[in-house]
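Notes for the one structure printed next.
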2 protein chains.
Amino acid sequence: MTDLRSQDSAATLSSTLVTRLRAAIMRGELVPGGKLVLDRIRASYGVSLSPLREALCRLESEGLVEIVDQRGYRVTPVSRANLAEVIRLRVELEGMAVREAIRHGDAAWEGRILATLHQLGRCKRGSRSLEEQEAWEIAHRAFHAELISACRMPLLMQFCETLHDQSDRYRRIFLKDHEPDRDVPAEHVAIAGAIIDRKAEEATRLLRDHVARTGRNIQAVLPAE
Amino acid sequence: MTDLRSQDSAATLSSTLVTRLRAAIMRGELVPGGKLVLDRIRASYGVSLSPLREALCRLESEGLVEIVDQRGYRVTPVSRANLAEVIRLRVELEGMAVREAIRHGDAAWEGRILATLHQLGRCKRGSRSLEEQEAWEIAHRAFHAELISACRMPLLMQFCETLHDQSDRYRRIFLKDHEPDRDVPAEHVAIAGAIIDRKAEEATRLLRDHVARTGRNIQAVLPAE
DNA sequence: TTTTATAAAATCATCGATTATATGTCTTGC
DNA sequence: GCAAGACATATAATCGATGATTTTATAAAA
């Protein structure tokens, strides 16, 4: 499993492209605000225009790419205001989602949370190799997704996923070589613990703080406009 | 102005298609859950496959169309659970948005609210002709959009627009020939009044109730699964 | 009768080429 | 010297056709 989203094996060329392009954008390889010249990407990925257009269209709906009629595509620019809104919405929506999940989740769900937490613990975030970095990103994402997976609100989960993508891009680009000033693994453990103890208020608060703290750390290093 | 979304005049064929297809879906002309055979639509709208695919892709990001790899497109099905979630999210998100808008909005914003409210008042909802119906829909939509336009959170506004689209589809299909059991215009006046008086709590409550009430009315006539 | 295998039809995904639009450059007139 | 317009180039938008996949229909076997 290289990507949370590519569940079905029926990998159409467009879908593969979405995954590859998203990864490139998240890594900052395709720089924020940069123009996406169709012909150039087409050449470098060895595909034709049709699947490329479709892929970019899907990335637009994830907020990673912008389309302007007759003027092509570009990577969504970054800004303090945008980051602030993304974090604010994550705080509200993931808060709502985890509250609902605690209400509806069963024992199997608790088990999956512990499983993903364990997997996350096996990954070293600060490790040098890109492969291990990527493994941590995937595990981290799986953990956060699991926390709200029992909320029974598919639309809300999709909103959360979109917002998480957007905030992850900021973190990966701007916090690339910043040592974390806090014990992130401990925060994860605390959140999981509160959820499994069914302490809805505490879990929600911890998750909201967890997200907000990341937001503040990025804002601190984000260059002025 | 036939559509709130087609601000820029640079109408690419895909964009035009998005508008036309969305209208058809909202009217229930393209029935929920119905398969969208590309070749058939292509023929009836007189376009080629490329812009059609792109249009459907954009409608997918609005939640009105579903895409399954290798298996084509279909109009998003309706269900009690989906409607419940849409309404729940509208209540929460529009609530948050209007609160923020009240905090940031200025006198010009108040003016625009009164203007759209006035325009809405000139439209008869129960009128027979489809043209007048459509005029009411547009005015109603413009009014609701204005209420939150000052919130300074573009992503949130986009989420609200998407959700509003989805709930409007339910209302237009299932409440087509149901006389409203309540004084909807009065509710609009009350909401606008509370906002302009800067009564944040009251305005939020009124708006939330307004949305929730519509949701309940639709649920009441929604056929069992 | 039900299930499985096969063949035919329908439909989607992709491509290469064409057309339309925008952008940058170079005149031309003031 | 500068602004406005015309041309050339780059790029996006669209098309028609081809290849790949899924679905439906049909027939044989359990």
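Small disclaimer: the values here were computed from a predicted structure and weren't measured. Naming convention: chains lettered A, B, ... in sequence-line order (proteins, then strands); numbering from 1 in each chain.
- Between the CG atom of B/Asp39 and the P atom of C/dC12 there is a distance of 7 Å, rounded to whole Å.
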* **Criterion salt bridge (Lys or Arg N to Asp or Glu O under 4.0 Å) on A/Glu134 and A/Arg172, from CA distance to verdict** => CA-CA 11 Å; A/Glu134 200 62 39; A/Arg172 295 180 65 171; 3.2 Å; yes
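- B/Asp69 has its CG atom 13 Å from the C1' atom of D/dT22, to the nearest Å.
- Rounded to a whole Å, the CZ atom of A/Arg71 is 10 Å from the P atom of C/dG24.
- At whole-Å resolution of the value, CD in B/Glu54 and P in C/dA13 are 15 Å apart.
- The distance between atom CD of A/Gln70 and atom C1' of D/dT14, rounded to the nearest whole Å, is 11 Å.
- Nucleotide C/dT14 holds its P atom 5 Å from the CG atom of A/Leu13, rounded to whole Å.
- Taking a 6.0 Å sphere around CD of A/Glu60, one finds it holds more than 12 heavy atoms contributed by other residues, nucleotides or ligands.
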Taking only distance into account, with no hydrogens and no angle test, what donor-acceptor pairs under 3.5 Å do side-chain atoms of residues 37-47 of chain B form with protein atoms, sequence neighbours excluded?
from	atom 1	to	atom 2	distance (Å)
B/Asp39	OD1	B/Arg42	NE	3.3
B/Ser44	OG	B/Ile41	O	3.2

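- Note: A/His164 and A/His144 have perpendicular aromatic rings, judged against thresholds of 30 and 60 degrees for the angle between ring planes.
- Atom OH of A/Tyr73 and atom C1' of D/dA12 are 8 Å apart (whole Å).
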Provide a list of protein-nucleic acid N or O atom pairs under 3.5 angstrom, restricted to nucleotides 16-19 of chain C.
none

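- A/Lys35 has a side-chain polar atom (N or O) that falls below the 4.0 Å cut-off from OP1 or OP2 of D/dA12.
- With no hydrogens or angles considered, a side-chain donor-acceptor pair links B/Ser149 and B/Glu146 at under 3.5 Å.
- A/Arg74 meets the salt bridge (charged side-chain N to carboxylate O under 4.0 Å, His left out) test with A/Glu66; sequence neighbours excluded.
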